[in-house]
K.L.:
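I am attaching a structure below and will ask some questions about it afterwards.
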Amino acid sequence: MNAIAIKHNNEIIDLQTAKEKGFEGEPILLDNSKESLEVLRHSTAHLMAQAIKSLYPDAKFFVGPTVKEGFYYDFKTEAEIGESDLKSIEKQMLSFAKKKYEIEKYEISMDEAKEKFKDDHLKLAVIERIPDDMVSIYKQGEFEDLCRGPHLPNIGLIRFFKLTKISGAYLGGDSKNEMLTRIYGIAFADKESLKAHMDMLAEAEKRDHRKVGAEMKLFTFREEVGAGFPIWLPAGGRLRARLESLLFKAHRKRGYEPVRGPEMLRSDLWKTSGHYQNYGENMYFTKIDEIEFGVKPMNCVGHIKVYEDELHSYRDLPIKYFEYGVVHRHEFTGALHGLFRVREFTQDDAHIFCTSDQIEEQIIEVVDFVDKIMSTFEFDYKMMISTKPEKAVGSDEVWETSIKALKSAMDKNELPYEIDEGGGAFYGPKIDIKITDAIGREWQCGTIQLDFNLPERFELEYNGENNDKIQPVMIHRAILGSFERFIGILTEHYAGEFPMFIAPTQVAIVPIADTHNAYAKELADKLIDINADSEIYNKNDSLNKRIRTAEKTRVPMLVIIGDEEVEGRTVAIRDRRTREQYNLSEDEFLKLIQTKINEVNF
RNA sequence: GCCGGCAUAGCUCAGUUGGCUAGAGCAGCUGAUUUGUAAUCAGCAGGCCCGGGGUUCAAAUCCUCGUGCCGGCACCA
């Protein structure tokens, strides 16, 4: 196999550039290594551009980089391109690839480039972003494009690719700019890898919580109810209740007090907190007797009012309030997405009021709490510290101090983290918890946010040792983030096959004939006593049909009862996953369920 | 909010260039059957074809304005 590029000074250099500059280095072969795919996908993006240009001659191109999941190219054309056009573009790409054009490279000066692309405002926009004196042009057949490279030596090497998505994208990622057309694609070195990737996408689609949620009757949405307002169905209600009660206990164990703030508060309070000015466009407002109220988008203000209800001594701190807080946020319609993005959701929210000396230990405790929960659900996760965003309240100094506190808490415990510059909330820096699900996708859930601002704005205080008034520090934190999103993620993570302790229904009972219904009912009652939900499948259907129906509900355990079982007070268990069957006595069975339900404690 | 697409029974989908009373499978209901581990048989019922307006002799089908959904962008738990 010939090299497609080389690695020189730890940089990928294409053969065109290597020849021109006389560079040497380790060869990069056409395989599925990171470097190889980088080059391959970048060239595939160019091949796509070439195909688009030939099909839509007026097309002008912006940038076409590789991304984590393949590549894309942003471009503009007067023609309306839809999903159905991807096939014809792919076809055109293949026919160009067959021509095995060399990919040639040449360099021109900045001025020459500006002249060359003077009628192409998109390329000029690209050129403006390049600080260099010289720019390179890559050419394949008739098509040429301004590009930094690196590229394959020949487009004939591109064989296994697929265009996956088409959408709009703002020029330069700024919503103030015009919108371009973006086409996403993926490419691999071999057919099998492409297929594996497409299979993975199909698997993700199968697990989609919107689909599984509907099948399992966890939740639904209705047009007449409104976009972004989920409706929890009985099965989803049971699942959610289990999660809530487990988490309730876990909070109590860690010294959190349950509290509850009102759903709406007077706008004056939101002005004091800064939400009115900084978050107002995401809030819902209404008037009651000429007084304006804002529906809470966050729970902090309510908890502050709880704190203010009495005087606090330094001896009381830290004080931890928690609430399953229902919040409403006006999200853009286009942002709504199943349970992942809704307009009403419930946070597992808590606020810790503490002294600045306690910040570190409190952060560490919360991080430990997070770890307990995420590892229980078998999630890998990573932490990300977010710093000051453009739109923020509070001085730089306050921001710096708080970021330092977060970092030092992480450092002292040797916890790895990444930095997201400018990603903080408007009122303070934060640690976000990103979890990776069973098929490798990342989701942002929990968040730990330091806030030196609200205590200041609400003039919170506690009595110090010398009876002096000291301002407490406030830590906002949510671990699941929201029940909606977390349950959505859990659904995809487990593909709906929830473990016993969280499943909407623990056991499906299938009596063989009507004469076994009484025993079935008896078992169901005993299961309720040990906090397990069950469902009896005694409809007028064949036994096989009822087993099939029960299996399809993804319930973790199926028990079949007939004459033998009634007689000996036993159950015939069928494990849905392994399709194994075994028998247990009634007592053993109940004990097993009880163990499986109680084995989890956060 | 922006770009593109989509909307027919509870669900998954047919419905030809505008043309008879809009169809099927699953689910539901009724009856027969009472079953030992993944679909028993028969019958019945179920539709403002997303909503408003328009074009036409005639609209599920064409146009238009909404609403909702899907894929991204931007924004975010």
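Proteins come first, then strands; the chains are lettered A, B, ... in the order of their sequence lines, and each starts at number 1.
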K.L.:
Once rounded to the nearest 0.5 Å, what's the spacing between atom CD of A:E565 and atom OG1 of A:T570?
P.N.:
4.5 Å
K.L.:
Base, sugar-phosphate, or nothing: which does A:A335 touch, judged by heavy atoms less than 4.0 Å apart?
P.N.:
base
K.L.:
Which part of the nucleic acid, if any, lies within reach of A:N540 when heavy atoms closer than 4.0 Å are counted: base, sugar-phosphate only, or nothing?
P.N.:
base
K.L.:
Identify whether any heavy atom of A:L543 sits under 4.0 Å from a base atom; if not, whether one sits that close to sugar-phosphate; answer base, sugar-phosphate or nothing.
P.N.:
sugar-phosphate
K.L.:
Looking for any heavy atom pair under 4.0 Å, which part of the strands does A:I81 touch: base, sugar-phosphate only, or nothing?
P.N.:
sugar-phosphate
K.L.:
Need one value for A:V342: base, sugar-phosphate or nothing, where a base atom within 4.0 Å counts as base even if backbone is also close, heavy atoms only.
P.N.:
base
K.L.:
Do A:K60 and A:E78 sit within salt-bridge range, that is, some charged N less than 4.0 Å from a carboxylate O?
P.N.:
no
K.L.:
Check whether the ring centres of A:Y324 and A:F248 lie less than 6.0 Å apart, and answer yes or no.
P.N.:
no
K.L.:
Looking across every strand, which nucleic acid part, if any, lies under 4.0 Å from A:S175 by heavy atom: base, sugar-phosphate, or nothing?
P.N.:
sugar-phosphate
K.L.:
For nucleotides B:A14 and B:A9, find the distance between their P atoms and express it as a whole number of Å.
P.N.:
12 Å
K.L.:
Can any side-chain N or O of A:E497 pair as donor or acceptor with the backbone N or O of A:Y494 at less than 3.5 Å?
P.N.:
no
K.L.:
If the P atom of B:C65 is compared with that of B:C6, how far apart are they to the nearest Å?
P.N.:
15 Å
K.L.:
Would you indicate what A:K539 reaches in the nucleic acid, counting non-hydrogen atoms under 4.0 angstrom: base, sugar-phosphate, or nothing?
P.N.:
sugar-phosphate
K.L.:
Taking atom C1' in both B:A32 and B:C49, compute the distance separating them and give it to the nearest angstrom.
P.N.:
36 Å
K.L.:
Answer with base, sugar-phosphate or nothing: what part of the nucleic acid does A:E551 contact at a heavy-atom distance below 4.0 Å?
P.N.:
base
K.L.:
Do the ring centers of A:Y73 and A:F61 come within less than 6.0 Å of each other?
P.N.:
yes
K.L.:
Mind checking the C1' distance from B:U8 to B:G15? Whole angstroms is fine.
P.N.:
9 Å
K.L.:
Flag the pair A:D199 and A:K195 as a salt bridge only when some basic side-chain nitrogen lies within less than 4.0 angstrom of an acidic carboxylate oxygen.
P.N.:
yes
K.L.:
To the nearest 0.5 Å, tell me how far A:L480 CG sits from A:C445 SG.
P.N.:
7.5 Å
K.L.:
When the C1' atoms of B:A27 and B:G66 are considered, how many whole Å apart are they?
P.N.:
32 Å
K.L.:
Would a line drawn from the ring center of A:F340 to the ring center of A:H337 be shorter than 6.0 Å?
P.N.:
yes
K.L.:
For a quick check of understanding: with a heavy-atom distance under 4.0 Å over all strands, which category does A:T333 fall into, base, sugar-phosphate or nothing?
P.N.:
base
K.L.:
May I ask you to say what A:E564 touches in the nucleic acid, namely base, sugar-phosphate or nothing, with a heavy-atom cut-off under 4.0 Å?
P.N.:
base
K.L.:
Of all the heavy-atom pairs spanning A:R546 and A:K539, show the shortest one and how long it is.
P.N.:
CD-O, 3.4 Å
K.L.:
B:U40 and B:G46: how far apart are their C1' atoms, nearest whole angstrom?
P.N.:
24 Å
K.L.:
Students should find this one: the first and last nucleotides of RNA chain B, 5' to 3', lying under 4.0 Å from a heavy atom of chain A. What are they?
P.N.:
B:G1 to B:A77
K.L.:
Hey, does A:G226 reach any base, or is it just sugar-phosphate, or nothing, if we go heavy atoms under 4.0 Å?
P.N.:
nothing
K.L.:
I'd like to check the side-chain contact (heavy atoms from CB on, under 4.5 Å) partners of A:I512; sequence neighbours left out, ordered by chain and number.
P.N.:
A:H516, A:L543, A:I560
K.L.:
Taking the six-membered ring for Trp and the single ring otherwise, decide whether the centroids of A:F285 and A:Y276 are under 6.0 Å apart.
P.N.:
yes
K.L.:
Does A:A513 reach a base, just sugar-phosphate, or nothing at all? Heavy atoms under 4.0 Å.
P.N.:
base
K.L.:
Rounding to an integer number of angstrom, what distance separates B:C57 and B:G18 when you compare their C1' atoms?
P.N.:
12 Å
K.L.:
Say you pick atom C1' in B:C48 and the same atom in B:A60; how far apart are they, in whole Å?
P.N.:
12 Å
K.L.:
For a quick check of understanding: with a heavy-atom distance under 4.0 Å over all strands, which category does A:R341 fall into, base, sugar-phosphate or nothing?
P.N.:
base
K.L.:
5'-most contact on RNA chain B: A:I573 or A:K217, nearest heavy atom basis?
P.N.:
A:K217
K.L.:
Please list every stem that involves RNA chain B, where a stem is a run of 3 or more consecutive Watson-Crick or G-U wobble pairs with both pairing distances under 3.5 Å.
P.N.:
B:1-7 with B:67-73, B:10-13 with B:23-26, B:28-32 with B:40-44, B:50-54 with B:62-66
K.L.:
Could you pick out which residue, A:G228 or A:R182, lies toward the 5' side of RNA chain B when each is mapped onto its nearest nucleotide?
P.N.:
A:G228
K.L.:
How would you label the contact of A:D174 with the nucleic acid (heavy atoms, under 4.0 Å): base, sugar-phosphate, or nothing?
P.N.:
nothing
